[in-house]
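Here the structure is laid out as structure tokens; the discussion comes afterwards.
Naming convention: chains lettered A, B, ... in sequence-line order (proteins, then strands); numbering from 1 in each chain.
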2 protein chains.
Amino acid sequence: MHLIAYVNPCGHIFCRSIKNITLMALSHALLAALHSAPCSGYDLAKKFDGSVGFVWNATHQQIYRELTKLEEQSHVTAEVVQQDNRPDKKVYKVTPAGEDYLRVWIAKPIVMSGKKDDLLVKLFAGDLVEPSVILCELEHHRAQHQDLLDTCKSIEQHIFANVSPQDLQRRYRYLTVRQGVRIETEWLAWCDEAIAFVKQF
Amino acid sequence: MHLIAYVNPCGHIFCRSIKNITLMALSHALLAALHSAPCSGYDLAKKFDGSVGFVWNATHQQIYRELTKLEEQSHVTAEVVQQDNRPDKKVYKVTPAGEDYLRVWIAKPIVMSGKKDDLLVKLFAGDLVEPSVILCELEHHRAQHQDLLDTCKSIEQHIFANVSPQDLQRRYRYLTVRQGVRIETEWLAWCDEAIAFVKQF
DNA sequence: ATCATATATGCACTTAATTGCATACGTCAA
DNA sequence: TTGACGTATGCAATTAAGTGCATATATGAT
């Protein structure tokens, strides 16, 4: 098997095999979620309490398929857990090999994925329709961003109110919540600006 | 052919055929770009002057393939234009049918696509690696957001400095640039917050 | 001459994402 | 006892997206 070595801009050296590497991002998101708390596919699909669901969304079908793949690659192990009054569940946790796989991926610098935003594309051709149509869509989106912001703020206050400086994992996760709070706040502000703008027409 | 009627939250009625509809988002982005200015695939791939490239990114291969499809569906027409000192180019423009297709799509309320961010996933498992690795990645991203912000600000000043209130198309496009300015500014601020945070470790 | 760069377009192949279905156990209510 | 809902998992098929390669003309530099 061929190996290739990289040096990232900070001088960290890492390597990976050229073949049989899936760069599929969902696998990393699942491993990151399982790293912080072992759980079942169903749990992952529910995007529970401030977890990775907020930074990477996927359907349950994608998640189950990917978990099966990760198990085949020995990046996770599964344990069937019997429950009262509920179907059995398979609880997954990350293996040391899975952690290595994550470490390699984290150290590899990535180019920001380009923006892909339906709403902005709509605005681009907004003059084709009545302003009220655009206004409606803007208000629809505003409501969605408001919901997200409320959720992020709630997580910020309840989960990360009193985190000890030693709890590195939680402090890193806190940063992702902060991103949600900041960006959603700004999205809301932009929506308001855009709504006011369109109302002039 | 079956038809289905919708009423969006603002009371606008619209309909579309159930079959043979591609909801593929790239086609809408290309139509929106061509709507504001007919041009070639090459031009579209260059993401020129404040155009749709900033709100929807794609490779030239995707763009050429999609343009061919759009031509087959009669949503665009192509005209071969001979040039001096350069290969011929095919200039595409949107047909009335293409405009209708865009109008229907614009009027259809869309659910915000879920967030998918590699950097945040990395932070989620940040405790697996040395803080300097995360710091490096944060600074790398900060630079990318700074570039984008500079570009957006430049477009804001040069293209939209003196737009007449009557120029609806340009005023809508101005809103997309404003979104870029606002969100990238906030991304930068978050990067700074995160960098300061990680430097404590 | 040859090489790099810019313009201009496209096919073939592979991988990822989405959609539609299918299954099964349990609770609670009509 | 049927039907709706929540928990829990998954396959099959399709569609979209991404990667790698190929081609051609023209300019300017070495």
Within this structure, what is the CD-to-P distance between A/Q62 and D/dA16, rounded to whole angstrom?
-> 15 Å

Interatomic distance, A/H145 atom NE2 to A/L138 atom CG [nearest 0.5 angstrom] | 10.0 Å

Mind calculating the distance between NZ (B/K116) and C1' (D/dA17) to the nearest angstrom?
-> 11 Å

Rounded to the nearest 0.5 Å, how far apart are CG of A/L102 and CG of A/L31?
-> 4.5 Å

Ignoring hydrogens and angles, are the base of D/dG18 and the side chain of B/Q61 linked by a donor-acceptor pair under 3.5 Å?
-> no

Can you name the closest pair of heavy atoms from A/G126 and A/I134 and give their distance?
-> CA-CD1, 3.8 Å

Pair up each side-chain donor or acceptor in residues 76-94 of chain B with any protein partner under 3.5 Å, not counting sequence neighbours, and list the distances.
unit_1, atom_1, unit_2, atom_2, d
B/Q83, NE2, B/P87, O, 2.8

Roughly how many Å is it from CD in A/E66 to C1' in C/dA17, rounded to a whole number?
-> 11 Å

From D/dG10, C/dA17, C/dT7, nucleotide with atom closest to A/Y92 side chain | D/dG10

What are the residues of residues 76-88 of chain B, sorted by number, that bring a heavy atom to within less than 4.0 Å of DNA chain C?
-> B/Q83, B/R86, B/P87, B/D88

A/Y42 OH - C/dT23 P separation (whole Å) | 20 Å

In whole angstrom, what separates B/R65's CZ from D/dG20's C1'?
-> 13 Å

On DNA chain C, check which nucleotide each of B/S40 and A/H60 is closest to and give me the residue with the more 5' one.
-> B/S40

Measure the distance from NZ on B/K89 to P on C/dT9 and round it to the nearest whole Å.
-> 8 Å

Before accepting this row, confirm whether a basic side-chain N of the pair B/K153/B/D150 lies closer than 4.0 Å to the acidic partner's carboxylate O.
-> no

Can you tell me the distance, in whole Å, between the CD1 atom of B/I63 and the P atom of D/dA16?
-> 17 Å

Within-4.5 Å side-chain heavy-atom neighbours: B/W187 and B/L149 = no

Using whole Å, report how far NZ of A/K90 lies from C1' of C/dT23.
-> 15 Å

Can a salt bridge be assigned to the pair B/E186 and B/R182 using a cut-off of 4.0 Å between side-chain N and carboxylate O?
-> no

